[in-house]
Amino acid sequence: MKPMRMHHVGVVLPTVEQAERLMELFGLEVDYRGYVKSYHADLIFTKYGPNESPIEFIIPHEGVLTRFNGGKGGIAHIAFEVDDVEAASRELEAAGLEMLEKEAVEGTSDIIVNFLRPRYSEGILFELVQTVAPIDRSGANHS
């Protein structure tokens, strides 16, 4: 597998207010907000800048992510950018590893994603991200 560039770090939080407090604390700005139907969660991506990679704040409404770290939230995953999620997934599967999803799922309207099961990566959840459309920064993709 060719070297990958980090796309973002995903952090689960119980409320939007917590994400906003962290952004204020560290001087981070909202790039865009979205909603992921597959995981029933609101998202806030911070802006990418010369000194930082984006943080994806994930605010789940239901499902397994609401119980992440006993419901307190925390660092959920590290995401790498790939040209082709399906090809990267097949490459990992050919090496005997398993992906979380049978095939890539829609993230926000601009990306598709899949995850390497953490049992193959020292207990860390890694997400593969493929950009498939321009980012919708209008807020229209927010539920």
Side-chain angles (χ1 to χ4, degrees), residues 1-137 141-143:
M1 183 166 282
K2 72 178 188 173
M4 293 183 269
R5 180 181 79 83
M6 189 168 81
H7 187 273
H8 67 270
V9 173
V11 176
V12 173
L13 291 171
T15 69
V16 170
E17 292 77 21
Q18 288 172 300
E20 290 169 346
R21 281 195 299 271
L22 286 174
M23 288 186 299
E24 184 176 334
L25 177 66
F26 294 111
L28 303 172
E29 295 179 55
V30 173
D31 184 8
Y32 66 99
R33 295 173 185 257
Y35 183 76
V36 177
K37 291 182 264 187
S38 303
Y39 299 109
H40 309 282
D42 286 318
L43 304 178
I44 302 171
F45 269 91
T46 63
K47 286 187 178 179
Y48 179 83
N51 299 318
E52 71 272 348
S53 291
I55 296 174
E56 171 194 31
F57 291 107
I58 306 158
I59 300 92
H61 298 285
E62 60 183 70
V64 68
L65 290 178
T66 61
R67 299 184 300 277
F68 186 81
N69 193 22
K72 295 180 285 191
I75 296 175
H77 62 266
I78 297 171
F80 287 111
E81 186 173 343
V82 296
D83 294 330
D84 183 332
V85 168
E86 292 300 338
S89 297
R90 284 192 302 273
E91 188 174 340
L92 291 167
E93 289 168 338
L97 311 178
E98 294 177 49
M99 302 303 291
L100 188 63
E101 306 290 349
K102 293 184 190 317
E103 57 186 43
V105 298
E106 182 180 298
T108 52
S109 61
D110 60 314
I111 60 175
I112 57 173
V113 304
N114 205 341
F115 298 84
L116 178 63
R117 289 192 177 273
R119 68 174 163 253
Y120 302 106
S121 50
E122 310 302 327
I124 301 165
L125 184 63
F126 285 94
E127 179 181 27
L128 303 179
V129 176
Q130 177 185 341
T131 301
V132 294
I135 295 171
D136 178 1
R137 290 184 168 88
N141 62 356
H142 181 65
S143 71

Separation between CD1 (I44) and CD1 (I55), nearest 0.5 Å, reads 11.5 Å

List, one per line, each side-chain donor-acceptor pair under 3.5 Å for residues 15-23, sequence neighbours excluded.
residue: T15; atom: OG1; partner: Q18; partner atom: N; Å: 3.1
residue: T15; atom: OG1; partner: Q18; partner atom: OE1; Å: 3.2
residue: Q18; atom: OE1; partner: T15; partner atom: N; Å: 3.1
residue: E20; atom: OE2; partner: R33; partner atom: NH2; Å: 3.3

- Given the rule in the side-chain contact (heavy atoms from CB on, under 4.5 Å) test, do I58 and F68 qualify, once you have shown the distances and angles that lead to the verdict? CA-CA 11 Å; I58 306 158; F68 186 81; over 6 Å; no

Output for pair (F115 CZ, S121 OG), nearest 0.5 Å, gives 11.5 Å

To the nearest 0.5 Å, atom CZ of F126 lies from atom CE of M99 at 12.0 Å

Heavy-atom closest pair (G71 atom, P14 atom, distance to 0.1 Å) is O-CG, 3.2 Å

With sequence neighbours left out, the residues meeting side chain to side chain donor-acceptor pair (under 3.5 Å) with E29 are K47

Do side-chain atoms of N114 reach the backbone of L128 as a donor and acceptor pair under 3.5 angstrom? no

With sequence neighbours left out, the residues meeting salt bridge (Lys or Arg N to Asp or Glu O under 4.0 Å) with R117 are E98

### Beyond-backbone contact of L116 with L97, side-chain heavy atoms, under 4.5 angstrom
yes

So the side chain to side chain donor-acceptor pair (under 3.5 Å) pairs with at least one residue in residues 83-95 (sequence neighbours excluded) are K2-D83

Q: Test L43 against V36 for side-chain contact (heavy atoms from CB on, under 4.5 Å), laying out the working first.
A: CA-CA 7 Å; L43 304 178; V36 177; 3.2 Å; yes

Residues at least two apart in sequence or cross-chain that pass side chain to side chain donor-acceptor pair (under 3.5 Å) with E81, listed by chain then number, are R5

Taken to the nearest 0.5 Å, the spacing of T46 OG1 from E56 CD works out to 10.0 Å

Rounding to 0.5 Å, atoms CG (D42) and OG1 (T108) come to a distance of 12.0 Å

Scanning both residues in full, the closest heavy-atom pair of I112 with E106 reads CG2-CA, 4.2 Å

With side-chain contact (heavy atoms from CB on, under 4.5 Å) as the criterion, how do I111 and T131 come out once you've worked through the C-alpha distance, each side chain's angles and the decisive distance to 0.1 Å?
CA-CA 4 Å; I111 60 175; T131 301; 4.2 Å; yes

Heavy-atom nearest pair, A133 first then S109, reads CB-O, 3.9 Å

Practice item. Indicate the ring-plane relationship of F45 and H8, choosing parallel, tilted or perpendicular according to the 30° and 60° boundaries. Key: perpendicular

Smallest heavy-atom separation, P54 atom then Y48 atom, equals CD-CD1, 3.3 Å

Checklist entry - Is I75 atom CD1 crowded by more than 12 heavy atoms from other residues, nucleotides or ligands, each under 6.0 Å away? => result no

Smallest heavy-atom separation, V85 atom then V129 atom, equals CG2-C, 3.9 Å

Practice item. Apply side-chain contact (heavy atoms from CB on, under 4.5 Å) to V64 and Y39, showing your working. Key: CA-CA 8 Å; V64 68; Y39 299 109; over 6 Å; no

For I59 and F57 the tightest heavy-atom approach is CD1-O, 3.8 Å

Applying side chain to side chain donor-acceptor pair (under 3.5 Å) to H7 and not counting sequence neighbours gives none

